[in-house]
Number of protein chains: 2
Amino acid sequence: MKVAVDAMGGDYAPDEIVLGALQAAKEYTEENIEIVLVGDQAQITQSLDRLGDWQNFNIRIHHASEVIDTHESPGAAVRKKKDASVVVATGLVKQGQCDVAICAGSTGAAVAAALLGLGRIKGIERPAIATPMPNLTGTTVLVDSGAQVDSKPKHLVQNAIMGAIYAEYVLNIPRPRVGLLNIGEEESKGNEQVLATYPLLQQLSTVNFIGNVEGRDIPRGSVDVVVCDGFVGNIVLKLGEGMAGAILQLVKDSIKSSGFWTKMASMFVLPALRGLKKKLDYAEYGGAPLLGVNGGFIICHGSSRAKAIKNAIRVAKEFTEQDVVAHIRENIAKEGVVTNE
Amino acid sequence: MKVAVDAMGGDYAPDEIVLGALQAAKEYTEENIEIVLVGDQAQITQSLDRLGDWQNFNIRIHHASEVIDTHESPGAAVRKKKDASVVVATGLVKQGQCDVAICAGSTGAAVAAALLGLGRIKGIERPAIATPMPNLTGTTVLVDSGAQVDSKPKHLVQNAIMGAIYAEYVLNIPRPRVGLLNIGEEESKGNEQVLATYPLLQQLSTVNFIGNVEGRDIPRGSVDVVVCDGFVGNIVLKLGEGMAGAILQLVKDSIKSSGFWTKMASMFVLPALRGLKKKLDYAEYGGAPLLGVNGGFIICHGSSRAKAIKNAIRVAKEFTEQDVVAHIRENIAKEGVVTNE
């Protein structure tokens, strides 16, 4: 399996991206994964050389001379900069030289590069990002978490079908519970968008639709796949990340401001908190697949460090091994009538 | 000051509502607050008698023979049941017999009763619920958190004006920072609704508009008033509540599953955690005002227990003392041109 990693995208590129890639190459030596770092050859070589014995691992560089900045207009930048690292990485997947691409740069540019470079799966009008969020008992996937806004009901239906496949094949959740994110459980609740979506989701044969779910169902873990448009999903995702960080901060502060004995005691408790932090750490999940394009494409947080990139390579591996793209093609064809409404 | 409390609405009505009202009456003896419990006289009397010396406090019963159930269609129920507790409580405000009404029953019915009973402030097309959410440093108000869906840009502008007044006069935040909830900070980000709202917010003279904010800005406390439509706001609110509860549960579990010394140590740490829980407890905030109607109207969580009701009475008191309705009238008139666009 070959993974193209955009080495130039993200707040800590190229150093942290290169480090994460090398860590993955070391961890997956047995599994025949080749990692192709895409970007400025000189910069990437410098980063690698600083890390030492990289030449012993299955990692190589594919030069790309340009970089897309987060402030550029995504569509225009992707069209103009044919030799941008994200465009070249996507091209390697399109040409069959790699199985999957990974990008931690501008999400807008990544989505545009994937759409233009790989095209959409037949029956899918808009791709969606499927982001896993930790909950009390496991993981809930949020589809879409930022690729589409002003989604029509049919787009939400497509999100449901794709999200269910990802939860089942990559997250190993059998018959995942798919819920429509809404402001009440009753079918009569919601805005125009979700009111029109509800009956369409009920008609699906490949999706275990459990009805409307509310914000609180995500941390509770009472739903496996949460269907929403990218505007709502992105707000939910960022609120979730922010709250996890803020509450752990509050726990730490509240221990620190306590008396002597509590402080002594907290020496024993803080390791437990670190375990908890790991559970809530989004970097553990690495990357989120862009579902609906004709090929593997994993999007990472712009603030990804080495750990997140290493884990994104694991996600890319599972995504490819489970052939998620083929399953989407199959189920979208099965549900054809509903998704066109 | 007179507060009408719908004693029949909420999951724990009438007992917890009546208990909370009595606690408030005891706490505010010096401040000349009369509490009027609206609902079934026999049931309320029974609840009160169980609590003992209620006759020594400034509390009385106003009989109402009907109750609106959470499963009824709000608009129809409010029109049909003229003697429903929430309708009668609203009527007391309309007739000037009370200054403000409090309701923990169906939010839909409460909003309908307030709209029909009190009418809207001139220039306001849709009322909005302003719910405070705790953050790292204080409180962020979410406007709207569930009264309106499919809001037009002008409705979001009205939410901004009203939310700023509430934050300034009731939460004592001078020149509150007002942000538009979006999926990125750049003006070019978002769906059609927020893209059209951004330039309108920039034109406001009574609002300190700081631009777009993201989900993570809420727990961080980098914004005081978050403007959104009720669909997004309600999802955000319930996710926030659910996450606070889930993370504290994880902290507890993670301490419990640790070794002997950690368990011993946690005896000292758990009191600190309880302080934290109080900080994150939404019941501490009591109730959220319905802004934009011609009179005081406070909406409580359906699961409110006595503490929440007691705190809602405090909110009602501050709302009335600060004359929020008059300030809204004034600022909406000042901003007239913008809010009509």
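So you know, we letter chains A, B, ... as the sequences are listed, proteins then strands, and number each from 1.
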Evaluation steps, side-chain contact (heavy atoms from CB on, under 4.5 Å), between L142(A) and C228(A): CA-CA 7 Å; L142(A) 203 60; C228(A) 55; 4.3 Å; yes
H155(B) versus Q148(B), side-chain donor and acceptor atoms under 3.5 Å: no
Side chain proximity check, Y198(B) to N182(B), heavy atoms < 4.5 angstrom: no
Interchain contact, V236(A) with chain B, by part (heavy-atom threshold 4.5 Å): both
If you look only at distance, which donor and acceptor atoms sit under 3.5 Å apart when one is on a side chain in residues 71-78 of chain A and the other is two or more places apart or in another chain?
from, atom 1, to, atom 2, distance (Å)
E72(A), OE1, K81(A), NZ, 3.2
E72(A), OE2, D69(A), N, 2.6
E72(A), OE2, K81(A), NZ, 2.9

Heavy-atom contacts under 4.5 Å, residues 188-197 of chain A to chain B: G190(A), N191(A), E192(A), V194(A)
Heavy-atom pair count under 4.5 Å with chain A, highest-scoring of V232(B), D229(B), I183(B): I183(B)
Residue pair V157(B), F209(B): steps toward the side-chain contact (heavy atoms from CB on, under 4.5 Å) verdict: CA-CA 11 Å; V157(B) 171; F209(B) 178 53; over 6 Å; no
I124(A) side chain near M162(A) side chain, heavy-atom distance below 4.5 Å: yes
Evaluation steps, side-chain contact (heavy atoms from CB on, under 4.5 Å), between L291(B) and F297(B): CA-CA 8 Å; L291(B) 302 174; F297(B) 200 97; over 6 Å; no
Heavy-atom neighbours of E186(A) CD exceed 12 at 6.0 Å: yes
By salt bridge (Lys or Arg N to Asp or Glu O under 4.0 Å) - contacts of R305(A) (at least two apart): E16(A)
Contacts of residues 212-223 of chain B with chain A (heavy atom under 4.5 Å): E214(B), G215(B), R216(B), I218(B), P219(B)
Flag side-chain contact, heavy atom, 4.5 Å: V178(B) against V227(B): yes
